[in-house]
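As structure tokens, the structure follows; a few thoughts come after it.
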Amino acid sequence: FPGLRKIDESLLEELEEILISTDLGFPTTQMILEKIRKNKGQDLDAVTLKKRLQAEIEAILNQVPRPVIPLDEAPSIFLVVGVNGVGKTTTIGKLAHHWKEQGKRVLICAADTFRAAAREQLEVWSKRAGADIEIKENSNDPAAVVYDALERVKAEKQDILIIDTAGRLHNNPNLMNELAKVKRVITREFPNGPHRVFLILDAITGQNALQQAKQFVEKVGVTDLVITKLDGTAKGGVAVAIANELSLPIQFIGVGEQMDQLLPFDAASFSESLIG
Amino acid sequence: QLSNKIQDTFRKLTGKAKLSEENMQDALAEIRRALLEADVNFKVVKTFIEQVKQKALGQDVLRGLDPGQQLVKIVHGGLVELLGGQAREIDFSRQKPYVIMVVGLQGTGKTTTCGKLANYLAKKGKKPLLVPCDVYRPAAILQLQTVGAGIDVPVFDSTNLNKPLEIVDRALAQAKKDQQDVLIVDTAGRLHIDDTLMDELKQLKAKLNPSEIFFVADAMTGQDAVTSAGAFHQALELSGVIMTKLDGDARGGAALSISEVTGARLRFVGLGEKVDDFEPFHPDRMAGRILG
Ligand SMILES: Nc1nc2c(ncn2[C@@H]2O[C@H](COP(=O)(O)OP(=O)(O)OP(=O)(O)O)[C@@H](O)[C@H]2O)c(=O)[nH]1
Ligand SMILES: Nc1nc2c(ncn2[C@@H]2O[C@H](COP(=O)(O)OP(=O)(O)OP(=O)(O)O)[C@@H](O)[C@H]2O)c(=O)[nH]1
Ligand SMILES: [Mg+2]
Ligand SMILES: [Mg+2]
């Protein structure tokens, strides 16, 4: 919108389209527009308007406390979950690399015992990152390989254990129960574990991401989000709706397919690229 | 439930024999919200609502229907029409071997879908050859080989080749020699804004001259569906779309956006991770799902 604009219903309609197009979703969009509507009659230039929207979005994101990921008391056990194809396995490779660079001993557990070549895919990533990997070749029981990884963590004094799980849809009760069982196995061996449960979310996901987040929080106790594929044109606006409704912190964003393409989340730059 | 919400907006009005600009306003707002929440692209929603309004204006309410029901009927019909009608059967006589290229963004389900397509066609008496051209993703070739082995469909051995163009050259030669009548080419996931990789697809298309280029899209895709599918269509001229992960609870509005912006018809849907979780696309079912 060029030049000076009066805040009126026609401008609010344009702003609504901009916000909806980022996948912010209807409710969060209306909530932000309500705030802008309070300044009806005011004249604002495009730059100020943009900054206003960015500020509103940043405020929603910053309302969510973002705890530091616990790494001082080894072992830190991290469970990585999410629906099919979002980037769990790739993100684990990136996380392993990230923590190896910080001098940590990292063990990765290949608990996707279902999908074709899942173990081999993770194995390549562990080699690239310089991490150890626990694989159970002929098992189709994720709980069994997780158990082996937990025993190995105790024996080898690893600093960090990252567990890769099979993609699964949140509306599949059997698969969600399988995940809950994996979590119980972890807690049995380590009462404070898993220390974090990362939900991986694809930036291109629309409103279904809210349902994904709700179900994974409910069934598996997700604690943090990672948004992947933000190197695409999708804005990941649904992450703001999730912050608003579920108060889940975003810890990292994935910005590519290479090992070093993982960035710590920054609310200001995320808001800026959302209303770019 | 959208149809209930629409009924409610009309219930508040009286003397409603015809659908008018005024009495439709609230109902159209409800429909707009439902479509946006279903992830239909906002531009597509705008155009669609306008078409619905024009069709509905002045239309006499059919006997036995109240205005709300009438409007729901128009909306549902409009969606079915936009979704392109029932998928037509493939005409394999057009090309020997019949070449199908499978493309799309990262993680949408291409490799899995190639296996499902091969299985579906094998059951119809075809002799497919799966061709792995994803030389980037770790264990991608092994993934397709494993899928192929599971359904007893041959997979071209791309293992020591790292150039997709070379792979398809040799795969075409092998198919002709072994008399395979369908080639299903799995490509690496890529961003539509990655010029190098989009060029690779154009080069593959030039070499293969495929009868079909299927864009594989995830049912949970949001507003970006128009941008990404549009770009793939611009670059390759898609012949069809396959939507995956419809066993989830995403409304799948991206199907509407993609149909609208590419004109490519939805051909098949993925309904799970197993090779049999695959069937031809049904527009009326999709319309109902999008409306919620
Ligand atoms: N462009 C881009 N691609 C990504 C990113 N993260 C992952 N990918 C790609 O997304 C695709 C799927 O990644 P995976 O790591 O296999 O996803 P997953 O969640 O483990 O998949 P499943 O285990 O099958 O559920 C691969 O092609 C990755 O290279 C990212 O940040 N940007
Ligand atoms: N639930 C469900 N999962 C599916 C469906 N189709 C594919 N998947 C899963 O989605 C994930 C990604 O599938 P892939 O076939 O690896 O996706 P891809 O597009 O080849 O990924 P890239 O090659 O990395 O771009 C896997 O976990 C598949 O099992 C489907 O229809 N339903
Ligand atoms: Mg994986
Ligand atoms: Mg693939």
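Quick note on labels: first sequence line is chain A, next is B, and so on, each numbered from 1. Keep in mind that what you see is a predicted model, and the values were worked out from it rather than measured.
- Only the side chain of A/Glu257 comes within contact range of chain B, with at least one heavy atom under 4.5 Å from a heavy atom of that chain.
- Note on A/Gly232, A/Ser21, A/Gly237: by heavy-atom pairs under 4.5 Å with chain B, the leading option is A/Ser21.
- Here the closest non-hydrogen pair linking B/Gly222 and A/Asp23 is CA-OD1, 3.5 Å.
- Residue B/Asp194 holds its CG atom at 9.0 Å from CG of A/Asp231, rounded to the nearest 0.5 Å.
- B/Asp224 places no side-chain N or O within 3.5 Å of a backbone atom of A/Lys235 that could act as its donor or acceptor partner.
- The candidate from B/Ala38, B/Gly107, B/Ser228 with the greatest count of non-hydrogen atom pairs under 4.5 Å with chain A is B/Gly107.
- Looking at A/Val86, only its side chain comes within 4.5 Å of chain B, counting heavy atoms on both sides.
- When A/Thr89, A/Val124, A/Ile20, A/Asp202 are compared by the number of non-hydrogen pairs under 4.5 Å with chain B, A/Ile20 comes out ahead.
- Look at A/Glu16 and B/Arg32 and you find a salt bridge, because one of the NZ, NE, NH1 or NH2 atoms lies within 4.0 Å of a carboxylate O, short of that distance.
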Practice problem: Tell me, with the steps shown, if A/Ile204 and B/Leu105 meet side chain to side chain contact (heavy atoms under 4.5 Å, CB included). | Solution: CA-CA 10 Å; A/Ile204 209 176; B/Leu105 299 168; 3.3 Å; yes

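- Distance check, rounded to the nearest 0.5 Å: OG1 of A/Thr228 to CD of B/Gln106 gives 9.5 Å.
- Counting heavy atoms from C-beta on, the side chains of A/Asn84 and B/Lys245 come closer than 4.5 Å.
- Side-chain contact between B/Gln143 and A/Gln121 is absent, with no heavy atoms from C-beta onward closer than 4.5 Å.
- Residue A/Arg119: no heavy atom, backbone or side chain, is found under 4.5 Å from chain B.
- No option in A/Gln211, A/Gln212, A/His170 other than A/His170 meets the side chain to side chain donor-acceptor pair (under 3.5 Å) test with B/Asp249.
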